[in-house]
Amino acid sequence: MTDVDAGSRDRLALAVLAQYRMATTAQMHLLLSPDVRIEQTRRRLMKLRDEGLIDRITLPQAGRTRVWHASRYGAQVASEWPELRGRRPPRGAHDRTAVRLGVGHGLTDTETGLAFLQDARRRGDLCRPLDWIPEVHHSLGGGEAVIPDALLYYRSRGTGGADSSGDGGSMLRAFVEADRATMGPERLAAKLSAYAHLHQYVPAPPPGARWLLAVQEKSWRRRYPLFPRLLFVLTGTGPAGIHTRVEALQAAARGLGQAALLRDVPVLAAPMTDLLGHGPAAPVWHPVTDPDQRVGWMHTRHP
C-alpha cells in the first residue's frame, strides 16, 4: 500500500522550502517532524534532492551546516499547488550563490517563524508551517511597496476580543520584521512610517472610472479584516544595541504623532534571544510607544 503520510510530508517539505526560501536540516526537522528521529528528516531531504526538487549549500563554518532550498524545478512543481498559488519567489531564490549570500537573513527569518510555530505547539494554539509567509507584497502605488519579512497567521485558543473567530479562539495576524542590525537604527525606524502609510493608503481609482462609483477603501482591507499587528524582532547586536534600536523606534513613533496606526495597531519590539528563551507569547515585547512596558504579542489587542 502506498505510504500516504510519507507523500504528504514530502509535499510539505517542498512547500516549506519553496515558501521559506531556505532552512537548515535542524530547522526542517523541527518544522516538519519533531516527533521522529532527525535521521528520517535527513533521508527525506536527500530523496527530494535526488528527485531534483530541492538542492543545498554547505556553510564553511564548523559543523558544515547544510542549508536547503527549492530547485527551480521544485518551485515550479510547488507553485501549482493550491496552498502556494500566487506566491512568486524572488529572483535568485534557486541560485546557489544567491542563497549563500542571503543565508544570514534567510535563516534568521526561518528561525523567527519556527519560534512562533513551536510556541503554538506548546500552548495548544494553531500555527502550521505554511502560516509563516515571507515577503508578501503590499503596494503603495507609484512603484512603492511595503514588503514585510513575513506575514504570520496564528489562531490562539480563547483570548476573545475583536479578532474572535466565534468559537472561543482568535485569528491573529502579524507583520514581522526580523532586524539583524545590518542597517542603522534610523533606517529600521523608517519602516514604521512605511507601515503608517500602508495603514492609510487608498488606491486611486482606475483611469476612466467615474469617481462617484469608485469605492474609496483602504487597500489592506481587501486582504485583512483587521490590520495585522506589527512585530520587530531584534538580533545581531548586544543589549546596548537592542536598546538603541528600540529607542529609534520610539522616536519614530513620536514623530508620527497621533497616526492611526499607533492608535489602532499593536506595534511591538523584542530581542530574538528573549523569543528563543521564553517563547513569543511571553511578556518579552516592548510597545514602541512605551518601551518600559513588557507585554505578550497576542494579548495587546486592537481597541
Side-chain angles (χ1 to χ4, degrees), residues 18-22 69-70 72 75-76 78-79 84-95 97-99 101-106 108-109 112-113 132-153 173-233 245 248-249 251-253 255-265 267 269 288:
Q19 182 162 294
Y20 282 48
R21 318 307 190 216
M22 64 185 75
H69 62 94
R72 188 175 301 277
Q76 289 173 346
S79 69
L84 295 184
R85 192 162 295 146
R87 297 179 194 159
R88 300 293 180 186
R91 291 181 180 179
H94 321 305
D95 180 79
T97 300
V99 170
L101 294 176
V103 77
H105 188 75
T108 297
D109 285 353
T112 306
W132 176 263
I133 310 174
E135 299 182 10
V136 179
H137 187 277
H138 298 78
S139 175
L140 294 175
E144 299 295 320
V146 171
I147 307 174
D149 286 333
L151 169 64
L152 171 68
Y153 286 91
R173 302 162 191 82
F175 294 133
V176 184
E177 293 284 351
D179 174 67
R180 298 176 54 242
T182 54
M183 63 178 71
E186 294 80 8
R187 287 184 61 193
L188 169 66
K191 293 186 177 183
L192 196 54
S193 296
Y195 280 102
H197 186 184
L198 176 63
H199 185 256
Q200 295 300 109
Y201 174 64
V202 177
R210 295 178 60 184
W211 71 272
L212 288 174
L213 299 178
V215 177
Q216 298 296 297
E217 182 182 41
K218 294 176 182 179
S219 63
W220 63 264
R221 292 191 180 278
R222 301 174 185 176
R223 298 188 182 192
Y224 314 111
L226 291 172
F227 195 88
R229 54 200 67 204
L230 178 53
L231 308 178
F232 290 92
V233 178
R245 302 180 90 72
L249 289 167
L256 290 174
Q258 297 300 311
L261 175 74
L262 300 178
R263 294 197 310 268
D264 299 343
V265 180
V267 182
V288 299

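Given the structure is predicted, the values throughout are model-derived calculations rather than measurements. Scope of the values below: all heavy atoms of this structure, side chains included, with no hydrogens, waters or symmetry mates.
Between Val267 and the options Leu249, Leu262, Leu231, a side chain to side chain contact (heavy atoms under 4.5 Å, CB included) holds for only Leu262. Partner of Val233 under the side chain to side chain contact (heavy atoms under 4.5 Å, CB included) criterion, out of Thr108, Asp109, Val176, Asp149: Val176 alone.
Taking OG of Ser139 as the start and CG of Leu198 as the end, the distance is 9.5 Å to the nearest 0.5 Å.
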Could you walk me through whether His197 and Glu144 pass the side-chain contact (heavy atoms from CB on, under 4.5 Å) test, one step at a time? CA-CA 11 Å; His197 186 184; Glu144 299 295 320; over 6 Å; no
With side-chain contact (heavy atoms from CB on, under 4.5 Å) as the test, would you mind laying out the steps for Leu140 and Ser219 before giving the verdict? CA-CA 9 Å; Leu140 294 175; Ser219 63; 6.0 Å; no
Under the criterion side-chain contact (heavy atoms from CB on, under 4.5 Å), I'd like the reasoning laid out for Met22 against His105: C-alpha separation, chi angles, the key distance, then a yes or no. CA-CA 10 Å; Met22 64 185 75; His105 188 75; over 6 Å; no
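For Gln200, the CD atom counts as densely surrounded, since its 6.0 Å shell holds more than 12 non-hydrogen atoms of other residues, nucleotides or ligands. In the displayed structure, Arg187 atom CZ is contacted under 6.0 Å by at most 12 heavy atoms of other residues, nucleotides or ligands.
Here the side chains of Leu188 and Phe232 are in contact, with some heavy-atom distance below 4.5 Å. Contact check for His138 versus Arg223: side-chain heavy atoms found under the 4.5 Å cut-off. Proximity of Leu152 to Pro228: side-chain heavy atoms (C-beta onward) are nowhere separated by under 4.5 Å. Counting only heavy atoms from C-beta outward, the side chains of Lys191 and Phe175 never approach each other to under 4.5 Å.
Of all non-hydrogen atoms in Ala248 and Ala189, the two that sit nearest each other are O-CB, 3.4 Å. Nearest heavy atoms, Pro148 versus Tyr195: CB-OH, 3.0 Å. The two residues Leu256 and Ser193 come nearest to each other via the heavy atoms CD2-OG, 3.9 Å. Residues Arg21 and Ala18 share a closest heavy-atom pair of NH1-O, 3.5 Å. His137 and Ala145 get closest at one heavy-atom pair: NE2-CB, 3.2 Å.
Ring pair Trp220/His199 is parallel by interplanar angle, where below 30° counts as parallel and above 60° as perpendicular.
In this structure, Gln19 contributes its side chain and Trp132 its backbone to a donor-acceptor pair below 3.5 Å.
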